[in-house]
Amino acid sequence: GNIVSTTPAYTFTLLNQRTLLANFAAGFTVTTTPSFAPGGGVSGGGGYATGGVVTLLATPAAGYQFTGWTESGSVVSNSHSFSFNAAANRTLTANFVPIVGITSSAPGSLGFAWPASATGWVLQESADLGAASWTTSPLPITSSGGQNQVSIPAPTGSLFFRLAHP
């Protein structure tokens with residue numbers, strides 16, 4: 001048959017019997033979000049026709065690193081750019097973590113710094129790396145030049161540090 005319209009609404013004058021066929025393309029929605037906004041941005045989410053190529057792009061902000069795309073907590077790609085064919089509604093998260101800087105501020109001590117915009121992240125410490133041994137560090141955190149900073153004095157024995165987002 002002849003295509004009479006490609007718009008969702010078609011108005012015509014009915015002068016005689018007429019048969020019209022409406023063709024619909026099934027589509028899917030791809031929803032994208034960053035793990036937390038200051039860490040970076042995402043693009044490529046939206047509506048796609050069945051089988052359409054979806055290309056997502058994760059762009060880390062200064063001071064952050066992209067660690068991968070996840071869907072329902074499972075890693076689906078470690079690449080900044082992730083492409084797939086639309087076959088279902090999907091919700092994907094671009095995961096970003098702050099980049100931690102470590103410096104030697106004085107003999108036997110270390111400086112630990114991360115972006116001040118990384119709100120919700122907590123400095124933790126552990127003497128043995130055991131899963132249950134991590135506690136919030138009592139060391140004072142100062143903020144300067146857009147960075148959270150901690151001076152870590154030389155410990156007696158082993159002491160491990162990490163930045164965690166509970």
Side-chain angles (χ1 to χ4, degrees), residues 1-102 112-124 126 129 131-132 134-137 141-150 160-166:
N2 295 331
I3 297 175
V4 294
S5 177
T6 58
T7 62
Y10 174 59
T11 304
F12 61 96
T13 304
L14 184 61
L15 299 174
N16 53 27
Q17 185 175 1
R18 195 165 184 186
T19 302
L20 297 173
L21 174 65
N23 294 301
F24 299 93
F28 298 103
T29 300
V30 176
T31 303
T32 58
T33 56
S35 54
F36 72 107
V42 295
S43 63
Y48 289 88
T50 301
V53 177
V54 178
T55 300
L56 305 179
L57 182 63
T59 306
Y64 293 85
Q65 179 178 347
F66 171 75
T67 60
W69 289 98
T70 55
E71 185 171 26
S72 300
S74 298
V75 176
V76 294
S77 175
N78 289 318
S79 175
H80 290 261
S81 178
F82 174 44
S83 295
F84 57 91
N85 293 323
N89 292 329
R90 297 183 73 175
T91 300
L92 296 124
T93 302
N95 296 283
F96 300 99
V97 296
I99 296 172
V100 175
I102 300 174
F112 196 78
W114 66 95
S117 60
T119 58
W121 291 81
V122 178
L123 181 64
Q124 295 180 330
S126 168
L129 295 176
W134 290 98
T135 60
T136 299
S137 177
I141 298 171
T142 60
S143 187
S144 175
Q147 294 280 303
N148 287 329
Q149 301 171 352
V150 173
F160 302 93
F161 291 87
R162 72 178 183 187
L163 202 54
H165 195 264

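- Contact of the L92 side chain with the F84 side chain is registered, since non-hydrogen atoms from C-beta on lie closer than 4.5 Å.
- Pairs of residues two or more places apart, or lying in two chains, never qualify as salt bridge (charged side-chain N to carboxylate O under 4.0 Å, His left out) while including a residue from residues 30-45.
- A search for side-chain hydrogen bond (donor to acceptor under 3.5 Å, both in side chains) contacts involving S5 returns T7, not counting sequence neighbours.
- Scanning all heavy atoms of the two residues, the minimum distance from W114 to P98 falls at CB-CB, 4.4 Å.
- In terms of the side-chain contact (heavy atoms from CB on, under 4.5 Å) criterion, residue partners of S143 (sequence neighbours excluded) are, by chain and number, A116, N148.
- For the pair V42 and A94, the tightest heavy-atom approach, listed with the atom from each and the gap, is CG1-CB, 3.3 Å.
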Side-chain polar contacts of residues 71-80 - donor-acceptor pairs under 3.5 angstrom, sequence neighbours left out - could you list them?
| unit_1 | atom_1 | unit_2 | atom_2 | d |
| --- | --- | --- | --- | --- |
| E71 | OE1 | R90 | NE | 3.1 |
| E71 | OE1 | R90 | NH2 | 2.7 |
| E71 | OE2 | R90 | NE | 3.2 |
| S77 | OG | S79 | N | 3.1 |
| S79 | OG | S81 | N | 3.3 |
| S79 | OG | S81 | O | 2.9 |
| H80 | ND1 | A58 | O | 3.2 |

Residues 117-124 side chain polar contacts: donor-acceptor under 3.5 Å, at least two apart:
| unit_1 | atom_1 | unit_2 | atom_2 | d |
| --- | --- | --- | --- | --- |
| S117 | OG | Y64 | OH | 2.6 |
| Q124 | OE1 | R162 | NE | 2.7 |
| Q124 | OE1 | R162 | NH2 | 2.9 |

Review point. How far apart are the C-alpha atoms of L57 and F66, what are their side-chain angles, what is the distance that settles it, and do they pass the side-chain contact (heavy atoms from CB on, under 4.5 Å) test?
Key: CA-CA 11 Å; L57 182 63; F66 171 75; over 6 Å; no

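- Across Y48 and A86, no two heavy atoms sit closer than the pair CB-CB, 3.8 Å.
- Looking at every heavy atom in both residues, A113 comes nearest to Q147 through CB-OE1, 3.6 Å.
- For F160, there are no ring-ring contact (aromatic ring centres under 6.0 Å, His included) partners two or more places apart in sequence or in a different chain.
- Judged as a salt bridge (charged side-chain N to carboxylate O under 4.0 Å, His left out), not a single pair has a partner in residues 43-54 (not counting sequence neighbours).
- Considering only residues two or more places apart in sequence or on other chains, T55 meets the side-chain hydrogen bond (donor to acceptor under 3.5 Å, both in side chains) condition with S83.
- The aromatic rings of F12 and Y10 lie parallel to each other, with less than 30° between the two planes, well short of the 60° mark.
- Sorted by first and then second residue, the side-chain hydrogen bond (donor to acceptor under 3.5 Å, both in side chains) pairs involving residues 37-47 (not counting sequence neighbours) form an empty list.
- Identified under the salt bridge (charged side-chain N to carboxylate O under 4.0 Å, His left out) test for residues 34-51, with sequence neighbours left out: none.
- With sequence neighbours left out, T32 forms a side-chain hydrogen bond (donor to acceptor under 3.5 Å, both in side chains) with no residue at all.
- Environment of CD1 in I3: sparse, with no more than 12 heavy atoms of neighbouring residues, nucleotides or ligands closer than 6.0 Å.
- Qualifying side-chain hydrogen bond (donor to acceptor under 3.5 Å, both in side chains) partners for N95, counting only residues two or more places apart in sequence or in other chains: T70.
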